[in-house]
Asker: 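Quick one: the structure is below, questions incoming.
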Amino acid sequence: MNIDITSSTTVKDIVVRHPQARHVLETLGIDYCCGGKATLAQAAKQAGLSTDQILADLEQVLTTNPPDAALARDWSSVSPTDLADHVEQTHHVFMKEQLPRLAGLLAKTIQAHHEHHGQMLEQLRRHYTSLKTDIEMHLAKEEQILFPLIRKMEACEQDRGPAPEMHCGSIANPIRQMEHEHNVAGDLLAQMRHVTKGYTLPSDACPTFTALYEGLDALE
């Protein structure tokens, strides 16, 4: 294989080095965010897939589809402050816009399709409500606790400010909590995808139903 990926490479390292690999992993149902610490072999086993086949699929994509300029940025070399700023300005903004929008679409879809798809949609609503609540609290913790600590620590290291007060003992503690919440969110996303059979629309889906599934897929 002529790319730097083996069965022991972690899933997160694959997408950091090769952002264009994300589509392959998404198509195969492999979580590279919350489950990113798993090796490719571990992720393949969990998904019931062949590691060799995944490697072959990745090689084909990476050798024929170079990343565009926006995807090619080496996020592993970005400063912690710049990374925190990017997460807030891009992903937090997206979440704050989409979470209430999707809640509204879900409510309208349930109202219109409850007769034929009520059981599935009620399950989806339970999972989505939990996810929305968890993510909104998670974003607040990052913005109010973790990211300010990161910025202050980096400023201190560069002699641009005093050492921050660690009310939580160590920055490892809020990081550990954020990682735990990522895992919880990942489990809820997986349950939503399972309930909806991979966001497969029923034959009687209306435009609102379609927009809901497209939005939930994009949110994931």
Side-chain angles (χ1 to χ4, degrees), residues 1-95 98 102 127 131 135 138 142 150 175-176 178-201 210-220:
M1 192 174 192
N2 56 11
I3 57 175
D4 57 343
I5 300 175
T6 69
S7 61
S8 61
T9 306
T10 63
V11 179
K12 69 178 179 65
D13 283 341
I14 293 173
V15 294
V16 168
R17 298 175 194 168
H18 307 286
Q20 69 272 44
R22 295 185 306 198
H23 179 68
V24 174
L25 298 175
E26 288 168 4
T27 301
L28 296 172
I30 293 178
D31 176 15
Y32 54 77
C33 179
C34 306
K37 290 184 177 181
T39 66
L40 186 61
Q42 291 170 333
K45 183 178 180 180
Q46 184 174 2
L49 301 171
S50 162
T51 303
D52 290 341
Q53 184 58 54
I54 297 175
L55 287 169
D57 290 348
L58 288 171
E59 182 171 22
Q60 180 179 3
V61 168
L62 299 185
T63 55
T64 58
N65 296 281
D68 60 35
L71 291 177
R73 185 172 185 182
D74 181 7
W75 289 104
S76 64
S77 65
V78 173
S79 74
T81 292
D82 287 346
L83 187 57
D85 290 345
H86 172 74
V87 169
E88 275 194 30
Q89 295 163 11
T90 304
H91 302 292
H92 283 208
V93 169
F94 175 82
M95 284 290 184
Q98 293 303 310
L102 293 172
H127 296 320
L131 179 72
I135 288 181
H138 180 82
E142 287 187 337
I150 287 173
I175 288 175
R176 189 179 301 111
M178 295 302 99
E179 289 182 334
H180 169 71
E181 292 175 8
H182 286 171
N183 291 334
V184 171
D187 290 341
L188 287 168
L189 288 167
Q191 291 173 42
M192 288 163 55
R193 181 165 286 278
H194 175 72
V195 165
T196 60
K197 298 181 179 178
Y199 297 116
T200 301
L201 286 165
T210 302
L212 171 66
Y213 272 18
E214 289 176 350
L216 291 173
D217 189 44
L219 186 80
E220 180 180 332

Asker: Which atoms form the tightest heavy-atom contact between Ala44 and Ser50, and what is the distance?
Answerer: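 Closest approach of Ala44 to Ser50: CB-C, 4.5 Å.
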
Asker: Taking CD in Gln46 as the centre, count heavy atoms belonging to other residues, nucleotides or ligands within less than 6.0 Å. Is the count above 12?
Answerer: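 For Gln46, atom CD is not crowded (no more than 12 foreign heavy atoms under 6.0 Å).
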
Asker: Roughly how far apart are Leu28 CG and Leu58 CG, rounded to 0.5 Å?
Answerer: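 Leu28 CG to Leu58 CG: 8.0 Å, rounded to 0.5 Å.
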
Asker: Checking His86 now: which residues fulfil ring-ring contact (aromatic ring centres under 6.0 Å, His included) with it, not counting sequence neighbours?
Answerer: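 Once residues adjacent in sequence are excluded, the partners of His86 under the ring-ring contact (aromatic ring centres under 6.0 Å, His included) criterion are Trp75, His91.
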
Asker: Would you say Arg22 and Ile14 make side-chain contact, with heavy atoms under 4.5 Å?
Answerer: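 SC-SC contact between Arg22 and Ile14 ruled out.
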
Asker: Less than 3.5 Å apart, any donor N or O on the side chain of Thr6 or Ser8 sitting next to an acceptor on the other?
Answerer: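 There is such a pair (donor and acceptor under 3.5 Å, judged by atom type) between the side chains of Thr6 and Ser8.
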
Asker: Which heavy atom in Tyr213 sits nearest to a heavy atom in Thr200, and how many Å separate them?
Answerer: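 In terms of heavy atoms, the two residues are closest at CE2-O, 3.5 Å.
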
Asker: For Arg193 and Asp217: C-alpha separation, side-chain torsions, deciding distance, then whether side-chain contact (heavy atoms from CB on, under 4.5 Å) applies.
Answerer: CA-CA 8 Å; Arg193 181 165 286 278; Asp217 189 44; 2.6 Å; yes

Asker: Atom CG of Leu55 and atom CG of Leu40: how far apart are they, to the nearest 0.5 Å?
Answerer: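 Between atom CG of Leu55 and atom CG of Leu40 there are 5.0 Å.
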
Asker: Output the distance between atom OG (Ser79) and atom CD1 (Ile150), rounded to the nearest 0.5 Å.
Answerer: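 So the OG of Ser79 and the CD1 of Ile150 are separated by 10.0 Å.
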
Asker: Do any N or O atoms from the side chain of Thr90 and from the backbone of Val87 form a donor-acceptor pair under 3.5 angstrom?
Answerer: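 Not at all, since once roles are kept as given, no pair shorter than 3.5 Å links the two residues.
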
Asker: Take Ile30 and Ile54 through the test side-chain contact (heavy atoms from CB on, under 4.5 Å) and record every step on the way to the result.
Answerer: CA-CA 10 Å; Ile30 293 178; Ile54 297 175; 3.6 Å; yes

Asker: Would you list the pairs meeting salt bridge (Lys or Arg N to Asp or Glu O under 4.0 Å) in which at least one residue belongs to residues 32-57, sequence neighbours left out?
Answerer: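 As it turns out, the salt bridge (Lys or Arg N to Asp or Glu O under 4.0 Å) pairs with a partner in residues 32-57, which skip direct neighbours, are Lys37-Glu179.
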
Asker: Should we count CD of Gln60 as having more than 12 external heavy atoms under 6.0 Å?
Answerer: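 For Gln60, atom CD is not crowded (no more than 12 foreign heavy atoms under 6.0 Å).
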
Asker: On a heavy-atom basis, which atom in Ala43 and which in Ala38 lie closest, and how many Å separate them?
Answerer: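 For Ala43 and Ala38, the tightest heavy-atom pair comes out as N-CB, 4.4 Å.
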
Asker: Are the side chains of Val11 and Asp31 in touch, meaning some heavy atoms are under 4.5 Å apart?
Answerer: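 A side-chain contact is absent here, since even the closest heavy-atom pair is not under 4.5 Å.
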
Asker: Measure the CD-NE2 distance between Glu181 and His138 for me, rounded to the nearest 0.5 Å.
Answerer: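 Rounded to the nearest 0.5 Å, the CD-NE2 separation comes to 6.0 Å.
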
Asker: With side chains defined as the heavy atoms from C-beta onward, is the minimum distance between His92 and Glu142 less than 4.5 Å?
Answerer: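 Counting from C-beta outward, His92 and Glu142 do come under 4.5 Å.
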
Asker: For residues 6-20, which residue pairs qualify under salt bridge (Lys or Arg N to Asp or Glu O under 4.0 Å), counting only residues two or more places apart or in two chains?
Answerer: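 Listed by first then second residue: Asp4-Arg17.
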
Asker: Should Val61 and His23 be marked as a side-chain contact (heavy atoms from CB on, under 4.5 Å) after you check the CA-CA gap, both sets of side-chain angles, and the distance that decides it?
Answerer: CA-CA 9 Å; Val61 168; His23 179 68; over 6 Å; no

Asker: Give me the atom names and distance for the closest heavy-atom approach of Ser7 to Thr51.
Answerer: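 Reported closest heavy-atom pair: CB-CG2, 3.7 Å.
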
Asker: Do the side chains of Leu62 and Ile5 get nearer than 4.5 Å, heavy atoms only?
Answerer: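 Answer yes - side chains close enough.
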
Asker: Just wondering, do Leu219 and Met95 contact through their side chains at under 4.5 Å, heavy atoms?
Answerer: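 When only atoms from C-beta onward are counted, Leu219 and Met95 do touch, with a gap below 4.5 Å.
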
